[in-house]
Amino acid sequence: MQNSTLYLQRLRNLLQMEYDSEKEEFRLQTEKMGIKRKIHRGICWYPIEAGRSYYNSLNQYVVEINKKIQRNENGEVIDDDIEHNFEYGKPVQFFSFNAKYTNDDIKDKNDIHYYPFSCTVSFVDGNRMVVTLPSSQALIDLQNAENLGVQLYFDETSYKTMFHALDDVINAKKNRLADLRDIISGQIKPQKRSFTPMQFPWLNRTQEAAVNEVLWAKDVEVVHGPPGTGKTTTLVEAIYETLRRETQVMVCAQSNMAVDWISEKLVDHGIPVLRIGNPSRVNDKMLSFTYERKFESHPDYPELWSIRKTIRQMKENRKKGENTHQKIARLRDRASEIEMNINAQLFDEARVVACTLVGSANKILVRHKFSTLFIDEAAQALEPACWIAIRRASRVILAGDHQQLPPTIKCYEAMKQGLGKTLMERIVDNQPDAVSLLKVQYRMNDAIMKFSSDWFYHGEVESDDSVKNRSVLDYERPILWIDGKELTTEEDTDIDFCEQFVGENHGRINKAEAELVLATLKDYIEKIGKERFLEERLDVGIISPYKVQTQYLRQQIRKREEFRLFRNVISVNTVDGFQGQERDIIMISLVRSNNDGQIGFLSDLRRMNVAMTRARMKLIIFGDKETLQHHAFYRKLIKYVEETE
């Protein structure tokens, strides 16, 4: 049991450390890091051009930004496979160069001009981004600029929102927020309702039990869903059943992508969803239930748009000495009335309000409270972010898996002192009776699943009979470990399987291991048979914890003729990029190979858990056994693979 306010005060101090660290990192990025490195980190687009500008349905002045296609001397597109980190709600800053940018990176910071205003991403799709502007003058500056670029700006707003939420929770007294704070810390036992358990024949026994526990919970409940156990299915059913008892619920997650995923599943279930914030999964289906699209589709919107346009024209055309204040004031009052009516109607029609955790502080939601808050992928969210949304709720249901990807934390000291411990983990520790573990998985061959189950879930996760023996080829081993050094002979003097450091943070690459991955994939496709591979639409995921390794592998697959027919079914990404996904065949390149037994962030075993459990039928791990077996986890994994037949 913890003193809740002391714990949260300490948490606030750790968040301050993270804030200071990230702000300083941003300053160094801005002052010292070259544009090429920023591009490769996914935090910068260059070169770009400013396109059309307009007022969107929320009366924000926006401009379309298009990334220009860059080609090398051979006419090949460059920097096209880099994953960027731009998404809805993130702040950005524009810059331009005084001199023509060449392939040599800019070294002198005096050559770069940063514009003295920040903007916010409103929408991103491929190489197109829509950005809200602070003024029309900002647009003129951008349109007149040469050699224009845009980079992510330090996200002050998210931190301020988290600090404010923590202060509210710390200072809460004799209200529902104070109750939830003390329940989560273990000072008060959570209460449960009492009624006959419901039956759901389409769910398995542990999923059914989890839904009933959610319905019984008066305060807090955790749905712990290991890989492949149907966590989303269970959560959607729990939300559906809750809505039979409540008028409206809020559903949140840490990332826009996670919010989109659960929202889409709820819409498929026939539940009216109102999505606050633009989706990252851009398609007509997703856009149709966003607040912005519903707002501009409302029958009263044309009148509102017309009034706003009239106000802008009156301001622009106002002559000196002319008194139009009263007329503009009357028009504004009418616009506010229409906007409030549209807003009320949209919320009245919605059964689920969905947004990110930080997005729950949106001014649109100011007066809204919810009986139940569902937080999906709760194990990836910082605890302070969860409290932003919890302030709006009477009870909280969390779903996720704290044995998979953790929250992203940049300050090592803050992480070491406990900032990485999530709200979900605290509830698991402090209120174990409020946790429902899903125990039947429907994704993996049993041999692939078993090691993960034993190491991370006390052996409690079992394979459903429908997947237990699934495989690509008959009588093959479902899991393999390939060590390139063991395959080399004395004649292979030019092959070096040692890792190389290429200058980025964690920018390690092992080209020999990458070549071995590609050769193994080519041989395996031929062994399966190219026709069968395409006919059965088998898919492959190639995972590496190191971004530079994934970029090299992706580049090679795009170049090589032998993979031309299969490019649309081969995905290459980091562990984080594969979260929530699965493939028939997974190949993992661990990269690390050195004489000191150093494995870096491979020691974060949750990432390895995610990587291994993406595979349905075949898992092939590439790694230097000598380097990795210094760690107990990898030593045991290597032994397990060798014993599996």
Side-chain angles (χ1 to χ4, degrees), residues 42 56-58 83-90 120-126 128-130 158 223 225 230-240 243 248-297 346-347 349-362 364-365 370 373-381 385-386 388-389 397-401 404-405 407-408 571 573-574 576-582 610 614:
N56 65 14
S57 59
L58 302 182
E83 307 157 52
H84 65 76
N85 298 312
F86 294 98
E87 63 174 35
Y88 170 82
K90 289 200 173 182
T120 307
V121 177
S122 176
F123 185 85
V124 188
D125 183 14
R128 173 177 162 264
M129 188 190 314
V130 179
S158 294
V223 178
K231 184 260 300 174
T232 302
T233 299
T234 307
L235 187 61
V236 169
E237 194 63 47
I239 293 169
Y240 183 81
L243 287 171
Q248 190 178 69
V249 300
M250 175 177 260
V251 176
C252 291
Q254 171 69 15
S255 69
N256 277 296
M257 190 169 288
V259 177
D260 295 343
W261 178 253
I262 188 71
S263 296
E264 197 166 347
K265 295 299 179 188
L266 291 167
V267 170
D268 289 343
H269 223 67
I271 299 170
V273 174
L274 182 63
R275 170 73 160 93
I276 309 297
N278 282 342
S280 54
R281 295 149 58 90
V282 180
N283 56 50
D284 288 341
K285 179 181 176 182
M286 293 299 295
L287 284 171
S288 65
F289 56 83
T290 61
Y291 178 86
E292 191 167 348
R293 182 62 63 89
K294 285 177 177 287
F295 193 94
E296 64 189 16
S297 300
L346 295 184
F347 276 95
E349 291 170 354
R351 302 298 308 281
V352 169
V353 175
C355 58
T356 62
L357 291 163
V358 172
S360 68
N362 194 305
I364 296 168
L365 292 163
F370 301 88
L373 164 68
F374 290 87
I375 303 178
D376 194 16
E377 301 297 354
Q380 289 186 58
C386 292
I388 299 170
I397 311 300
L398 300 95
D401 180 12
Q404 295 190 59
L405 289 182
T408 301
S571 308
N573 218 325
T574 58
D576 297 57
F578 268 101
Q579 173 78 350
Q581 300 185 39
E582 55 188 78
V610 173
R614 302 308 96 194

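Numbers here simply count residues along the sequence, with the first being 1.
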Steps toward side chain to side chain contact (heavy atoms under 4.5 Å, CB included) verdict (Val236, Leu266): CA-CA 6 Å; Val236 169; Leu266 291 167; 4.1 Å; yes

Rounded distance [0.5 Å steps], CG in Leu373 versus OG in Ser360: 8.0 Å

Heavy-atom side-chain contact between Tyr291 and Leu274 under 4.5 Å: yes

Any His269 side-chain heavy atom under 4.5 Å of Ile239 side chain: no

Chi angles and distances behind the side chain to side chain contact (heavy atoms under 4.5 Å, CB included) call for Ile375, Cys386: CA-CA 8 Å; Ile375 303 178; Cys386 292; 4.1 Å; yes

Check: Asn278/Arg293 side-chain N/O donor and acceptor closer than 3.5 Å: no

From CD (Gln254) to OG1 (Thr356), nearest 0.5 Å: 8.0 Å

Approximate separation, where rounding is to 0.5 Å, of Glu292 CD and Ser297 OG: 10.5 Å

Short side-chain to backbone donor-acceptor contact, Arg351 and Leu243, under 3.5 Å: yes

Interatomic spacing from CZ in Phe123 to CG in Asn56 - rounded to 0.5 Å: 12.0 Å

Donor-acceptor pair, side chain of Arg275 and main chain of Gly277, under 3.5 angstrom: yes

Donor-acceptor pair, side chain of Lys231 and main chain of Asp376, under 3.5 angstrom: no

Side-chain heavy atoms of Ser571 within contact of Phe578, under 4.5 Å: yes

Any donor-acceptor pair under 3.5 Å from Gln581 side chain to Gly577 backbone: yes

Salt bridge present between Glu237 and Lys265 (N-O < 4.0 angstrom): no

Non-hydrogen side-chain atoms of Gln380 and Gln579 separated by less than 4.5 Å: yes

More than 12 heavy atoms from other groups under 6.0 Å of CZ on Phe347: yes

Side chain to side chain, Pro279 and Leu287, heavy atoms closer than 4.5 Å: yes

